[in-house]
Amino acid sequence: MTTLLLSALLLLAQAALPAIRPLPPPLAVVRWWDPPPTPYAAGHRGVDLAAPVGAELRAVGPGRVHHAGPVAGRGVLSLTLPNGLRTTYEPVRPLVAEGEEVIAGQVVAVLTEGSHCAEPCLHWGLLSDGGGYRNPLALLPRPTPRLLPGANAPNPMNGTGGTGGTGGAASTDGAD
């Protein structure tokens with residue numbers, strides 16, 4: 001009973017942890033998630049992230065390889081996470097095999113040519129356990145907004161005065 005309880009707690013803890021980025025920061029979104037109004041209507045069922053061909057792609061969380069191989073002529077990798085969500089990556093050359101366990105942050109694929117973007121990109125998708133598409137960016141921790149000094153802003157740290165500039169710029173670099 002204790003083992004079962006500990007296993008359940010570990011599973012819940014893993015499911016609640018924020019995901020790891022599939023690519024190193026900063027993530028550059030080429031095309032945002034645009035869900036279709038109905039299951040078979042046009043839409044964008046994931047996000048496109050700019051990345052060079054050959055970029056190493058990481059598992060966003062622990063899980064098991066659901067599919068690793070071609071779909072409609074493109075290499076696709078699909079990982080099932082402990083919370084029942086399934087994340088997909090394409091176009092890729094998988095470095096793992098179907099049924100294999102993966103850990104968060106493990107390099108699981110390499111980006112290949114053949115994306116639907118004008119420049120190389122990773123199409124990253126997320127499916128719920130019921131089969132509906134979700135925004136994969138929701139897996140990631142929220143960025144921390146910061147106010148950066150502007151060129152003409154006063155700097156209280158060194159005593160310099162400004163000339164009435166904008167006062168700063170917003171940043172959401174994701175660093176804490």
Side-chain angles (χ1 to χ4, degrees), residues 14-145 169-176:
Q14 287 177 336
L17 292 176
I20 305 236
R21 292 176 175 99
L23 291 162
L27 293 181
V29 177
V30 176
R31 186 172 175 198
W32 296 93
W33 182 64
D34 182 21
T38 62
Y40 301 104
H44 194 238
R45 294 164 172 84
V47 295
D48 294 336
L49 304 174
V53 169
E56 293 182 333
L57 307 173
R58 301 190 177 279
V60 297
R64 182 179 301 274
V65 178
H66 178 78
H67 176 79
V71 172
R74 276 188 261 204
V76 174
L77 177 65
S78 177
L79 305 175
T80 302
L81 306 176
N83 56 8
L85 296 174
R86 193 167 58 217
T87 185
T88 59
Y89 310 80
E90 68 174 275
V92 300
R93 179 175 47 86
L95 302 176
V96 291
E98 287 183 26
E100 188 175 331
E101 294 278 338
V102 298
I103 60 172
Q106 176 181 339
V107 175
V108 292
V110 175
L111 189 66
T112 62
E113 292 180 348
S115 73
H116 57 258
C117 302
E119 298 292 323
C121 75
L122 167 67
H123 179 81
W124 180 32
L126 180 66
L127 290 135
S128 68
D129 53 359
Y133 288 91
R134 295 175 54 181
N135 183 355
L137 294 173
L139 290 174
L140 302 177
R142 300 266 185 243
T144 304
S171 169
T172 55
D173 61 5
D176 289 325

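None of these values were measured; they are calculated from a predicted model.
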Exercise for the section: Compare every heavy atom of Glu119 with every heavy atom of Ser115, then report the nearest pair and how far apart it is. Expected result: OG-O, 3.7 Å
Handout entry: Parallel, tilted or perpendicular: rings of His116 and His44 (30°, 60°)
Key = perpendicular
Fill in the blank from the handout: Sorted by chain and residue number, the salt bridge (charged side-chain N to carboxylate O under 4.0 Å, His left out) partners of Arg31 (sequence neighbours excluded) come out as none
Exercise for the section: Mind checking the CG-CG spacing from Leu79 to Leu57? Nearest 0.5 Å is all I need. Expected result: 10.5 Å
Practice task
Begin with the C-alpha distance, continue with both residues' side-chain angles, and end with the deciding distance and a verdict on side-chain contact (heavy atoms from CB on, under 4.5 Å) for Leu126 and Val60.
Solution key: CA-CA 11 Å; Leu126 180 66; Val60 297; over 6 Å; no
Practice task
Rounded to the nearest 0.5 Å, what's the gap from NE2 on His67 to OG1 on Thr88? Could you check?
Solution key: 10.5 Å
Practice task
List the atom of Pro94, the atom of Ala68, and the distance in Å for their closest heavy-atom pair.
Solution key: CB-CB, 3.8 Å
Practice task
Evaluate the side-chain proximity of Leu27 to Arg21: yes if any heavy-atom separation is below 4.5 Å, no if none is.
Solution key: yes
Exercise for the section: Considering non-hydrogen atoms only, spot the tightest contact between Leu85 and Ser128 and give its length. Expected result: CD2-CA, 3.6 Å
Exercise for the section: Step through the shown structure and confirm whether more than 12 heavy atoms of other residues, nucleotides or ligands are within 6.0 Å of CZ on Arg134. Expected result: no
Problem - Heavy-atom pair with the smallest gap, counting every atom of Leu122 and Leu111 - result: CA-CD1, 3.9 Å
Exercise for the section: Please examine the side chains of Gln106 and Arg58, heavy atoms only from C-beta on, and report whether any two atoms are closer than 4.5 Å. Expected result: no
Handout entry: Leu49 to Pro22 - nearest heavy-atom pair and separation
Key = CD1-CG, 4.0 Å
Problem - Backbone N/O of Gly125 and side chain of Thr87: donor-acceptor pair under 3.5 Å - result: yes
Exercise for the section: Using a 4.5 Å cut-off on heavy atoms from C-beta on, say whether the side chain of Trp124 contacts that of Leu23. Expected result: no
Handout entry: Side chains of Leu137 and Val29 in contact at under 4.5 Å (non-hydrogen atoms)
Key = yes
Practice task
For residues Gly99 and Arg64, report the shortest heavy-atom separation together with the two atoms involved.
Solution key: O-NH1, 2.7 Å
Handout entry: Heavy-atom donor-acceptor pair, Arg86 side chain to Thr80 backbone, under 3.5 Å
Key = no
Problem - Neighbour count >12 (heavy atoms, 6.0 Å) for atom CD, Glu101 - result: yes
